[in-house]
Amino acid sequence: MLRHHISHELRPQTTAHLAQTMAFLQLNTLELENTLINELNQNPALELVEERRCPTCGKKLSQGPCPTCARLTDDGAPVIYLSTRQSFGSHDGAAEEDRADSYEPHTRESLEEFILKQIAADLTREERPIAAYILLQLDEDGLLTEETVEIAAYLRAPLATVERVLGLIQHAEPVGVGARGPIESLLIQIEALKGTASENLRNLARAIIVDAFDLLARNDLRQIARQLRSPLATVELAARFIQRNLTPYPGRAYWGDGKTPSEDLPAYHEADVNITLQRRGTETPATLMVEIFTPLAGTLRVNPTLRAAMQELTDQDAGKQEKWAQAVERATLITKCVQQRNHTMRRLMEILVNHQKDFILNGDGSLKPLTRSVVAKTLGVHESTISRAVASKTIALPSGRIVPLSKFFDRSLSVRDRVRQIIEAEPRPMTDDEIADALSRDGIDVARRTVAKYRNMLGILPANLRHRPAGVPVVA
DNA sequence: CTATGGCACGGATT
DNA sequence: AATCCGTGCCATAG
């Protein structure tokens, strides 16, 4: 999906601006920062003062939460404050002017960019577009749906070149992306683990994947052992190795639901919101520190000097006056937009954090169901506002996991969790029908078919395969 | 025959 | 208007 940046279409028409106001919300932080930097460069009326002020009380701040407004209370209420990254927008003098011309928007790093960066150095000029094309063809699991021959034909490039590029992609982090299917992906990943696992183990794992993949998916280890003429114990070991260290969907690893070794993988991008745990003293109530990243360090405002200078303009400078007036109007609008955005984000996070506190602290499984519309109601804004505020934003949990903010909204989660609990609790494997019954006894009425889906989402094998040491299944 | 997975169709949500 | 989700029907495996 290509990012759309909003262009310089901010012509002064006051009513149309209202629509633009909301548009600012949906921009993710980096994109907003880009537009703001652009604006700062070309609008003299807009000014960035280096100091940061508490959005609530207006006091100057150096860093972190406002000590007075968001003081660490002992009632356990989360502390929510706005913050900025220092990375971009060094905002002075000469460097600034360079930037104005050769400005290249910072976009959030997508999986594609993340990979491209790693292999860029190894690509020739001709290979670059090939790499770009391949990366765009990856599906959501990070797998390549198209054959290399087709790609070569389509791009009119030599097959060998295409395959070379693909090889580079496949060996970049996360290893295995760009494979033409789960099996190939797993094999690539095995190769990449050369140093860490014993030769025998890897060989067996490879054999299982190649010759008995479907059996593995069904967790039928006994049959695998027979077919490969290997001792069952060894096969179990290998299967375990596969399940623990490999994923058939490398592109998913990062979004994974905690089962995947995603904690070790580098984050593809930084989050828009950061939650940390602040332990105060020894008594338990640790405070949640919610840091909302806003674009640009400092505070936007309309340049007071310019505003003053405008008063002194004589009427014969009508042209200039008009021009400046527009600039000022536009600058005012933008600062208002940003303030609005910050305010909404703060209130939104307040609700979100309070509602999902357990999830933040205890991880998945403690998620409570929540819909955008109820938040919109309690917040008193339109639903679409929430949608925009949530869309394409991510949040870093105290555990270090980065998840999309939309994860906080899930209407069916409570039921899914009940399913998990029921399955974990029951001694004998229950069929989906029985689970459905059990649920209805709890007052939750869902169809049998739905239970099956939840089971799958949770990565739990069907009842008949689920006997004793049901390991974590390979296929989601 | 029973238990599941696949496809696809409304209906709700965003 | 686009997307997501629950569900019913049917094919398939055991």
Side-chain angles (χ1 to χ4, degrees), chain A residues 1-4 19 22-28 139-141 145 181-182 212-224 226-227 248-249 252 255 257 344-345 347-348 351-352 355-356 367-395 403-420 422-423 426 428-440 442-467 470 473-476:
Chain A
M1 280 120 230
L2 292 174
R3 302 278 165 197
H4 50 283
M22 303 325 288
F24 272 92
L25 254 178
Q26 95 186 63
L27 294 175
N28 71 45
D139 67 12
E140 53 188 1
D141 296 327
T145 49
F213 184 69
D214 45 344
L215 291 178
L216 180 64
R218 293 193 227 142
N219 209 24
D220 192 348
L221 302 185
R222 217 164 44 94
Q223 179 66 23
I224 295 176
R226 226 183 315 159
Q227 185 171 322
Y249 307 113
R252 249 189 232 172
W255 304 104
D257 41 0
T344 311
M345 279 303 289
R347 290 197 303 159
L348 171 63
I351 293 194
L352 240 43
H355 189 84
Q356 302 288 25
L367 253 187
K368 291 181 189 160
L370 181 66
T371 72
R372 290 159 170 81
S373 54
V374 307
V375 175
K377 285 221 177 71
T378 44
L379 217 53
V381 299
H382 190 62
E383 306 170 357
S384 69
T385 310
I386 303 295
S387 283
R388 291 169 192 224
V390 166
S392 76
K393 287 204 177 58
T394 54
I395 179 168
V403 298
L405 199 48
S406 56
K407 197 178 172 66
F408 281 56
F409 297 88
D410 195 326
R411 23 198 165 109
S412 68
L413 224 156
S414 56
V415 187
R416 282 215 293 267
D417 206 47
R418 290 292 301 134
V419 171
R420 158 181 264 142
I422 289 176
I423 292 179
E426 287 305 332
R428 303 240 166 272
M430 301 171 70
T431 70
D432 290 343
D433 257 325
E434 290 167 333
I435 296 174
D437 280 351
L439 281 173
S440 72
D442 282 4
I444 308 171
D445 258 332
V446 285
R448 170 238 115 210
R449 189 65 190 77
T450 309
V451 174
K453 290 225 157 147
Y454 287 164
R455 202 170 35 67
N456 256 328
M457 290 188 204
L458 295 170
I460 299 174
L461 288 167
N464 44 16
L465 301 173
R466 196 166 72 224
H467 25 85
V474 180
V475 184

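Chain A is the first sequence line, chain B the second, and so forth, proteins listed ahead of strands; every chain is numbered from 1. Just the heavy atoms: all of them, side chains too, but no hydrogens, waters or symmetry mates, feed the values below.
A 4.5 Å side-chain heavy-atom check between A:R347 and A:V381 finds at least one atom pair inside the cut-off. With contacts defined as side-chain heavy-atom distances shorter than 4.5 Å, the pair A:V415/A:Y454 qualifies. The side-chain heavy atoms of A:V419 and A:I422, taken from C-beta on, include no pair separated by under 4.5 Å. A 4.5 Å side-chain heavy-atom check between A:L370 and A:V375 finds at least one atom pair inside the cut-off.
Nucleic acid contact for A:S373: sugar-phosphate only, since backbone atoms but no base atoms lie under 4.0 Å from a heavy atom of the residue.
Look at A:T371 and you won't find any side-chain N or O under 4.0 angstrom from OP1 or OP2 of B:dT13. Remark: A:R455 is not in phosphate contact with B:dT4, judged by side-chain N or O atoms under 4.0 Å from OP1 or OP2. Applying the 4.0 Å criterion to OP1 and OP2 of C:dC5, one finds that A:Y454 has every side-chain N and O outside that range.
Comparing A:R448 and A:S387 against DNA chain B, the residue whose closest nucleotide sits nearer the 5' end is A:R448. Positionally, the nearest nucleotide of DNA chain B for A:D433 lies more toward the 5' end than for the other of A:D433 and A:R449.
One can place CZ of A:R372 at 10 Å from C1' of C:dC4, the figure rounded to the nearest angstrom. A:N464 places its CG atom 12 Å from the C1' atom of B:dG5, with the value rounded to the nearest Å. As a whole-Å value, the separation of A:R388 CZ from C:dA1 C1' is 14 Å. Regarding A:R428, its CZ atom lies at a distance of 16 Å from the P atom of B:dA3, rounded to whole Å. For A:I386 and B:dT14, the CD1 to P distance is 11 Å, given to the nearest whole Å. Distance, A:E383 CD to C:dC4 P: 17 Å, rounded to whole Å. Per the geometry, CG belonging to A:N456 stands 15 Å off P belonging to C:dC5, to the nearest Å. The distance from atom CG of A:L370 to atom P of B:dT13 is 13 Å, rounded to the nearest whole Å.
Between A:R416 and A:D410, at least one side-chain nitrogen of the basic residue sits less than 4.0 Å from a carboxylate oxygen of the acidic one, meeting the salt-bridge criterion.
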